2 protein chains.
Amino acid sequence: MFRDQGLKITPQRVSVFRVLHDNADHPTAEAVFDQIRDEMPSISLRTVYQTLHDLASMGEIRQLDLGTGSARFDPNVKSHHHLVCDKCGRVTDVHASFDGVRLPRTKLAGYRVSSTEIVFRGECPDCAGSNAVAS
Amino acid sequence: MFRDQGLKITPQRVSVFRVLHDNADHPTAEAVFDQIRDEMPSISLRTVYQTLHDLASMGEIRQLDLGTGSARFDPNVKSHHHLVCDKCGRVTDVHASFDGVRLPRTKLAGYRVSSTEIVFRGECPDCAGSNAVAS
DNA sequence: TTTCTATCTAACAACAGTTGTAAATTAGGG
DNA sequence: CCCTAATTTACAACTGTTGTTAGATAGAAA
Ligand SMILES: [Mn+2]
Ligand SMILES: [Mn+2]
Ligand SMILES: [Zn+2]
Ligand SMILES: [Zn+2]
């Protein structure tokens with residue numbers, strides 16, 4: 001799959017790919033880096049970024065910018081949406097299709113739309129649970 | 001309005017507020033800064049950021065993080081959605097309500113959702129127009 | 001109107017996330 | 001097993017944003 005693009009198969013690339021596909025929680029580049037480091041202490045953060053971008057541009061993963069401070073990387077490239085915790089930044093998949101969300105030409109303002117993302121923001125169970133609620 | 005919150009009415013605050021309300025294009029902090037500078041060359045970018053955050057926390061404006069490299073500030077606090085140009089970062093309002101976009105409890109993953117944003121990504125008219133298309 | 005002081009601004013440094021650069025390393029074809 | 005183009009690493013630099021603090025000022029009080 002790297003090979004298909006004329007890219008060499010290096011241990012660094014294999015690791016980034018594997019870590020990402022094991023990971024359901026939309027890791028940041030740093031999170032990927034930290035996880036790989038356990039087994040390959042010499043890997044550099046720069047290489048992780050490089051490889052994540054390579055994977056993204058070959059369509060194997062998606063980069064998400066959700067205002068959580070750093071980019072998230074998602075191995076799931078099928079169209080889906082996300083829940084984002086305002087408190088801790090957790091990102092959780094939403095598997096539901098909202099086919100009604102299409103813009104009529106009159107509201108397009110001349111844009112050519114290539115993707116539609118729905119972001120549900122709020123508090124994740126952990127963060128909501130830790131709120132002491134007067135009862 | 002600043003006064004309501006126990007904040008002093010300074011020329012800097014007045015300028016930020018006014019610039020934002022004149023501006024329909026979701027300016028960045030720097031864009032606000034540059035515009036104010038024309039009339040008040042001594043203002044600092046730090047003060048612009050400070051005031052934007054103050055305005056946001058008093059609910060007068062909204063901060064949007066759309067992956068365009070820097071935060072955008074929106075004087076329109078009514079619920080609405082956005083078109084975002086992947087090429088130039090332009091942000092345009094979408095005025096249409098998508099009432100169908102509610103998550104059933106079964107898909108909430110335990111989150112308490114406080115807002116729902118829909119982002120339509122693509123190319124704005126200017127960027128699409130400048131594509132030389134072989135015809 | 002002047003005084004006083006808590007608030008605010010500006011200057012500046014620092015920070016986080018990310019990207020540029022180039023020397024050293026290495027995958028993998030020959 | 002070599003060779004070399006591709007890759008990785010180290011390190012610096014960059015962008016957007018935030019922390020800090022000395023000096024300036026809004027506006028209440030006198
Ligand atoms: Mn996802
Ligand atoms: Mn808007
Ligand atoms: Zn959370
Ligand atoms: Zn554009």
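The figures that follow rest on heavy atoms only: side chains count, while hydrogens, waters and symmetry mates do not. All chains are named by letter (A, B, ...) in the order of the sequence lines, taking the proteins before the strands, and each is independently numbered beginning at 1. None of these values were measured; they are calculated from a predicted model.
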Could you check whether B:Asn23 and B:Gln35, counting side-chain N and O atoms only, form a donor-acceptor pair closer than 3.5 Å? yes
request  = Output yes when B:Asp126 and B:Arg90 qualify as a salt bridge under the 4.0 Å nitrogen-oxygen rule, no when they do not.
outcome  = yes
Here the distance between atom P of C:dG17 and atom CD of A:Gln50, to the nearest Å, is 19 Å
inquiry  = When you measure from the side chain of B:Thr116 to the backbone of B:Arg102, do you find a donor-acceptor pair of N or O atoms at a distance under 3.5 Å?
reply    = no
Rounded to whole Å, the CZ-C1' distance (B:Phe33 to C:dA10) equals 10 Å
From CZ of B:Arg46 across to P of C:dT9 the rounded distance in Å is 11 Å
(message) Check this one for me: any side-chain N or O of A:Thr47 less than 4.0 Å away from OP1 or OP2 of D:dT9?
(response) yes
Using distance alone, with no hydrogens and no angle criterion, decide if B:His81 and B:His95 have a side-chain donor and acceptor under 3.5 Å apart.
-> no
May I ask you to say whether B:Glu39 pairs ionically with B:Arg18, meaning some side-chain N is under 4.0 Å from a carboxylate O? yes
Quick test: give all pairs of protein nitrogen or oxygen and nucleotides 14-17 of chain D nitrogen or oxygen below 3.5 Å, distance rounded to 0.1 Å.
residue: D:dT17; atom: OP1; partner: B:Ala71; partner atom: N; Å: 2.8
residue: D:dT17; atom: OP2; partner: B:Tyr49; partner atom: OH; Å: 2.3
residue: D:dT17; atom: O5'; partner: B:Tyr49; partner atom: OH; Å: 3.2

Check whether A:Thr51 reaches the backbone of A:Val48 with its side chain - one donor and one acceptor, N or O, closer than 3.5 Å. no
A:Leu66 CG to C:dG17 P, in whole Å, measures 15 Å
**Prompt:** When you look at B:Asp25 and B:Arg72, which way does the salt bridge (Lys or Arg N to Asp or Glu O under 4.0 Å) test go after all the steps?
**Reply:** CA-CA 9 Å; B:Asp25 48 82; B:Arg72 303 307 199 90; over 6 Å; no
Practice task
Check whether any side-chain heavy atom of A:Arg13 sits under 4.5 Å from a side-chain heavy atom of A:Thr47, and report yes or no.
Solution key: no
Here the distance between atom C1' of C:dT9 and atom CZ of B:Arg37, to the nearest Å, is 15 Å
Heavy-atom contacts, protein to nucleotides 23-30 of chain C, under 4.0 Å, summarised as B (base), S (sugar-phosphate only) or - (none) per nt, yield ----BS--
Can you tell if the side chain of B:Val32 reaches within under 4.5 Å of the side chain of B:Phe73, non-hydrogen atoms only?
-> no
Taken to the nearest whole Å, CG/B:Asp54 to P/C:dT7 is 13 Å
B:Met40 CE to C:dC8 P, in whole Å, measures 15 Å
Would one find a side-chain N or O of A:Arg13 under 4.0 angstrom from OP1 or OP2 of D:dT7?
yes
